[in-house]
Amino acid sequence: MKSKALIRARGFMTVLGLLGLGGVGTLPAAAAPPATRVSEATDRKAVSITVYNADFGLVREVRELAGLPTGQVALEFRDVASTIQPETVAVKALGNTGGLRVLEQNYRYDLLTPETLLAKYVGRNVRAYRYHEAIGKEDVVDAKLLSVANGPILQIGQEITFNYPGRLAFTELPPNLIAKPTLVWLVENRAAAQTIEVSYLAQALSWSADYVLVLDEKETQASLVGWVTLVNNSGTSYRGAALKLVAGDVHRVEQQQDMRRMKTMAAQGPTDASFREEGLLEYHLYTLERPTDVLDQEQKQVALLEASGVGIQKKLIFFGQQYWFQGQYGELIKNQKVSVYLNFQNTAKNRLGMPLPKGTLRVYKADKSGAKQFVGEDAIDHTPRDEEVRIKAGEAFDVVADRKQTNWSALGNCGSESTWAVEIRNHKDEDTQVEVREPAGGDWKIVDSSHPAIKDDASTFHFDVAVPKRGKTTLTYRVRVRWC
Amino acid sequence: MSASKGSIRRFLRPLALLASGVQLGGLGCAASPAPPPAPADRVTASTQRSAAAERERVAVTVYNANFALVKEERNIKLGVGRVSLAYEDVSAHIQPATVHIRSLDAPEALVVLEQNYRYDLLTPDKLLEKYVGQSVKVARYNPKLGTDEVKDAELLSVQNGPVLRVDGEIVTGPFERFIFPELPPNLLSKPTLVWLLDSTKEQQKVEVTYLTQNLSWRADYVLVLTADDHHGDFSGWVTLDNQSGTSFMAASLNLVAGDVQRLAPAPPPAPMVEMDSAEESAPQANFRQEALFEYHLYGLERPTDLLDKEQKQVSLLEAHDITLEKKLVFRGLDYAFRGRWGEVIKNQKVSAFLVIDNSEARGLGLPLPQGIVRVYKADSSGSQQFVGEDAIDHTPRDEKIEIKLGEAFDVVADRRQVNWQSLGKCQAESDWEVEVRNHKDAAARVEVVEPADGEWQVTKSSHPADKRDAHTFAFVLEVPARGATKLTYRVRVRWC
């Protein structure tokens with residue numbers, strides 16, 4: 001594993017080196033018009049894509065170009081992602097090094113459209129066709145295109161007119177208008193056959209993880225399955241591609257990619273089914289073990305990890321609102337919702353302990369007939385091993401709470417004292433525990449409370465309240481707040 | 001998907017292929033320890049299609065927030081080896097990331113290598129785009145001859161409309177129609193789910209589950225009041241709406257009541273009105289109810305057909321002769337006591353509410369999923385008339401529901417500030433008068449609810465003031481038939 005990674009690292013440095021060369025070695029183009037050669041997807045011998053979370057990917061492809069003229073050649077490179085970032089393109093020849101030198105790289109996007117065609121013909125002669133229904137033939141007149149701003153104005157004979165019904169025909173295609181944005185290299189070539197490697201960054205390639213957490217009957221254990229979901233809207237299909245995914249928040253400023261591989265970590269998922277995982281700089285790299293077809297406009301899913309017997313905790317939390325204690329409140333909304341949260345530790349002890357890339361976690365639980373039902377979903381961020389994952393599953397149906405300000409008194413201009421009653425009612429057939437979490441603003445102090453208040457941080461405290469089955473518990477407390 | 005066996009198999013295959021000698025073109029970076037380009041790999045995958053005809057069972061669990069979990073079983077002839085399975089007749093609003101397949105009869109015989117959702121659709125624009133740089137034909141109908149004139153053309157560009165070369169000239173539209181020699185590969189008529197599978201059993205029964213949007217349900221309740229307004233019959237209906245683009249025939253139907261956390265395609269916010277509707281749990285004819293996680297699950301006892309673009313109603317519960325309470329409430333304005341006011345608006349509305357205690361003692365005591373309660377009452381001829389409706393949120397048993405029926409016609413009230421006095425910089429005292437007039441032929445009881453800010457005290461009042469919480473107090477007034485009752489009180493307020 002380690003030596004493999006080193007080899008790869010060396011390979012990558014080579015690319016960087018050459019990339020540098022390509023930039024420095026730009027020479028003025030020779031006077032003679034260069035020969036032209038077009039390369040399309042059929043020349044493609046291998047392609048690898050590395051996809052990042054932030055909706056972009058690194059595409060690397062190898063093409064074999066046969067029958068290449070020698071000397072200066074304008075090489076038109078087609079069938080790249082339509083979302084390519086042209087400034088990130090790097091090209092180099094493989095094999096007989098020195099046989100191919102890149103003099104210039106151009107990304108042309110002066111597209112051939114009806115409008116640009118018209119614009120290029122301003123002041124020139126065109127022909128105007130009009131169809132005669134009666135005779136089933138077209139009339140042709142010669143015209144001069146005077147202007148195209150806000151619609152074409154024509155001179156036909158000595159008359160000036162616009163809104164000419166019919167269509168315009170042009171004698172020839174103006175040079176340098178192209179059908180699709182195209183990469184064109186001016187290269188100095190010395191061999192008829194060349195193998196080149198091209199790499200670039202493209203937008204609209206993205207991936208995320210999708211997890212399925214299946215709870216057991218008692219809601220204390222679960223199995224977790226992770227999937228990778230890859231979406232390709234980059235405008236091109238990559239067939240037989242070597243696929244790699246980078247998990248992590250990669251900083252991007254003007255497309256600067258820092259891709260040094262620093263160290264390798266052994267993959268450690270209990271069942272790392274299809275993907276091999278390793279550390280990459282401060283991120284994680286996943287490699288699909290077999291080539292795959294990534295088609296345009298396709299969403300692809302591949303298994304990432306699997307674990308069972310993961311211990312989880314269910315928690316009911318009733319949240320307060322910020323800055324409540326300064327103000328005065330009358331009758332507050334009744335039957336407020338109590339939220340249901342699930343926590344689990346991403347540790348080896350808990351049968352996990354692997355990097356969990358950011359994604360959506362969906363929770364399922366079997367009903368009495370054994371059929372799995374969906375019980376909620378939440379987003380998780382990139383979660384390293386040994387961290388805790390907390391997701392919200394939904395709102396409890398049978399546990400509700402009221403919060404009431406029972407008294408309020410002013411303590412000068414910027415202080416007040418209020419008493420609160422939180423009544424939690426449990427309509428289930430089993431006892432439950434609810435955490436009442438109150439965010440507090442200002443300089444606050446709990447003067448008195450029916451349950452012990454636990455201060456979490458400067459502006460949060462909570463109470464743990466046990467509520468018997470089909471019963472209710474009232475939590476009361478008095479809080480004093482100063483805000484200046 | 002599990003089986004470590006599966007992962008071993010997956011790992012070995014590409015290696016074997018590597019050995020079989022497809023030369024990796026030296027993909028820079030020696031990037032991949034693995035993948036040779038896979039033409040050989042693809043060739044080995046046989047292609048199968050599966051349509052609704054192979055569906056043996058389907059179960060649909062519908063949630064309140066406009067989505068559903070679909071589970072179906074199909075018996076598919078897969079063949080042995082690497083199979084590419086195109087799975088058709090799924091909901092048009094499927095969330096592809098939520099799809100999972102497993103084999104029911106031989107879990108080990110089916111390994112999912114990858115799952116693809118393809119949506120590169122065959123459209124006129126796509127077709128044109130794929131033909132850029134190639135030859136097409138343009139046709140125009142000649143009405144005189146009654147035939148098409150067809151010309152050969154080269155499609156030069158399709159950006160912002162097609163540009164062609166016809167007879168040596170460059171022309172732009174309009175064109176009547178284009179003719180293409182053949183269909184480009186990989187354009188689909190509808191989004192398709194495709195699995196790449198390793199199968200070791202010819203015929204397999206598979207289970208596929210996925211979440212789909214655009215299936216929703218809500219509860220609709222009917223409360224029929226008796227003549228005295230204090231009893232009623234309560235029935236609940238489930239209204240199910242299928243706009244998922246697919247029909248599910250003979251589906252076993254489950255409903256989940258509760259607020260399930262969802263991400264992205266945000267469900268429309270539930271109406272946050274609080275009302276109480278009373279209901280009695282009579283025999284639950286159609287649905288069996290059970291707890292699921294922190295929600296409630298209702299299972300329909302018999303299979304049903306859920307057709308696309310269909311709204312279906314099934315009875316959920318029925319309760320007879322439940323006890324309820326009618327309430328007339330006159331509510332004051334916020335922040336009234338600090339300021340000075342003249343005669344406040346006259347003939348203000350008094351609201352009518354129904355309060356239902358969802359308890360067994362009152363003839364109910366059932367979880368009531370969120371929905372709309374519609375209230376009817378028989379007129380003197382015995383025919384039922386609609387008297388109001390309100391939305392209720394999910395309501396567990398033993399909770400109270402308050403339904404606003406509307407505004408009373410014959411009971412009105414005036415509120416007046418009759419005196420105001422400053423007591424220093426941030427204190428004031430004022431006298432108020434509330435007159436409630438009842439124009440009905442029966443006596444009425446009206447609750448006057450006053451919100452108060454600051455530190456307040458009712459120093460004097462004609463009726464006893466009841467402190468509800470830190471900033472609310474209330475009075476109960478009995479108003480005789482065709483009569484009026486006057487409430488007066490004095491409030492002192494300090495706000496700093």
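Letters A, B, ... mirror the listed sequences (proteins, then strands); counts begin at 1. What you see is a predicted model, and the numbers here were worked out from it, not measured in a lab. Computed from heavy atoms alone, side chains included, the values below leave out hydrogens, waters and symmetry copies.
When heavy atoms are compared at a cutoff of 4.5 Å, Leu297(B) approaches chain A solely by way of its side chain, counted from C-beta outward. For Ala59(B), no part sits under 4.5 Å from any heavy atom of chain A, backbone or side chain. When heavy atoms are compared at a cutoff of 4.5 Å, Leu342(A) approaches chain B solely by way of its side chain, counted from C-beta outward. For chain B, the nearby part of Leu316(A) is the side chain; its heavy atoms alone come within less than 4.5 Å. Only the side chain of Leu215(A) comes within less than 4.5 Å of a heavy atom of chain B; its backbone N, CA, C and O stay farther away. Only the side chain of Asp210(A) comes within less than 4.5 Å of a heavy atom in chain B; its backbone stays farther off. Of the atoms belonging to Val338(A), not a single heavy atom falls under 4.5 Å from chain B. Both the backbone and the side chain of Gln373(A) come within less than 4.5 Å of a heavy atom in chain B. Val228(A) does not touch chain B: none of its heavy atoms, backbone or side chain, sits under 4.5 Å away. No part of Glu207(B) comes within reach of chain A, as not one of its non-hydrogen atoms sits under 4.5 angstrom from that chain. With a 4.5 angstrom heavy-atom cutoff, Leu173(A) touches chain B via backbone and side-chain atoms both. In this structure, chain A has no heavy atom under 4.5 Å from any part of Leu164(B). For chain B, the nearby parts of Val375(A) are the backbone and the side chain; heavy atoms of each come within less than 4.5 Å. For chain A, the nearby part of Phe67(B) is the side chain; its heavy atoms alone come within less than 4.5 Å. Neither the backbone nor the side chain of Ala421(A) comes within less than 4.5 Å of any heavy atom of chain B. Proximity to chain B (any heavy atom under 4.5 Å) is restricted, for Arg127(A), to the side chain, taken from C-beta onward. Proximity to chain B involves both the backbone and the side chain of Asp429(A), based on heavy atoms less than 4.5 angstrom apart. Arg63(A) does not touch chain B: none of its heavy atoms, backbone or side chain, sits under 4.5 Å away. Contacts between Leu112(A) and chain B at a heavy-atom distance below 4.5 Å involve backbone atoms as well as side-chain atoms.
Atom CD of residue Glu129(B) and atom CG of residue Leu155(B) lie 10.0 Å apart, to the nearest 0.5 angstrom. The CH2 atom of Trp227(A) sits 15.0 Å away from atom OG1 of Thr360(A), with the distance rounded to the nearest 0.5 Å. With values rounded to the nearest 0.5 angstrom, Leu177(A) atom CG is found 10.5 Å from Ile170(B) atom CD1. Rounding to the nearest 0.5 Å gives a distance of 10.0 Å between CG of Asp293(A) and OG of Ser84(B).
Of all the listed residues (Thr192(B), Thr98(B), Leu188(B)), the one sharing the greatest number of non-hydrogen pairs under 4.5 Å with chain A is Thr98(B). In terms of heavy-atom pairs under 4.5 angstrom with chain B, the leader among Lys314(A), Glu115(A), Gln299(A), Glu219(A) is Gln299(A). Note on Ala410(A), Pro114(A), Ala169(A): by heavy-atom pairs under 4.5 Å with chain B, the leading option is Pro114(A). The most heavy-atom pairs under 4.5 Å with chain A, out of Pro162(B), Gly299(B), Ala257(B), come from Ala257(B). Considering only heavy-atom pairs separated by less than 4.5 Å from chain A, the leading option among Ala97(B), Gly161(B), Gly258(B), Pro191(B) is Ala97(B). By number of non-hydrogen pairs under 4.5 angstrom with chain B, the leading residue of Arg167(A), Lys368(A), Lys372(A) is Lys368(A). Heavy-atom pairs under 4.5 Å with chain A peak, among Tyr117(B), Trp456(B), Phe293(B), at Phe293(B). Of all the listed residues (Glu172(A), Lys180(A), Arg44(A)), the one sharing the greatest number of non-hydrogen pairs under 4.5 Å with chain B is Glu172(A). Note: Gln261(B) leads Arg494(B), His100(B), Lys71(B), Gln261(B) in heavy-atom pairs under 4.5 Å with chain A. Contact count against chain A (heavy-atom pairs under 4.5 Å) is highest for Arg397(B) among Glu294(B), Arg397(B), Arg118(B), Glu169(B). Your options are Asp398(A), Thr419(A), Asn407(A), and the one with the most heavy-atom pairs under 4.5 Å with chain B is Asp398(A).
A donor-acceptor contact closer than 3.5 angstrom links the side chains of Gln405(A) and His471(B). In the model, Glu455(B) has no side-chain atom that pairs as donor or acceptor with a side-chain atom of Ser409(A) under 3.5 Å. In this model, no donor atom of one side chain and acceptor atom of the other lie less than 3.5 Å apart for Thr195(A) and Lys45(A). Judged by distance alone, the side chains of Ser339(A) and Glu395(A) do bring a donor and an acceptor atom under 3.5 Å apart. A donor and an acceptor atom, one from each side chain of Tyr119(B) and Asn233(A), are located under 3.5 Å apart. Residues Thr292(A) and Glu114(B) have side chains that bring a donor and an acceptor to within less than 3.5 angstrom of each other.
A salt bridge does not link Asp378(A) with Arg262(B): every distance from a Lys NZ or Arg NE/NH1/NH2 to an Asp or Glu carboxylate oxygen is 4.0 Å or more. The residues Arg425(A) and Asp398(B) are annotated as not salt-bridged, no charged nitrogen and carboxylate oxygen being separated by less than 4.0 angstrom. Using a cutoff of 4.0 Å between basic side-chain nitrogens and carboxylate oxygens, Glu197(A) and Arg60(A) are not scored as salt-bridged.
Taking a 6.0 Å sphere around NZ of Lys472(A), one finds it holds 12 or fewer heavy atoms contributed by other residues, nucleotides or ligands.
Exactly one of Asn254(B), Val256(B), Leu255(B) qualifies for a side-chain contact (heavy atoms from CB on, under 4.5 Å) with Val62(B). That residue is Leu255(B).
Under a cutoff of 6.0 Å and an axis angle of 45°, Lys428(A) and Phe397(A) do not form a cation-pi pair.
Side-chain contact between Lys392(A) and Val340(A) is absent, with no heavy-atom pair separated by less than 4.5 Å.
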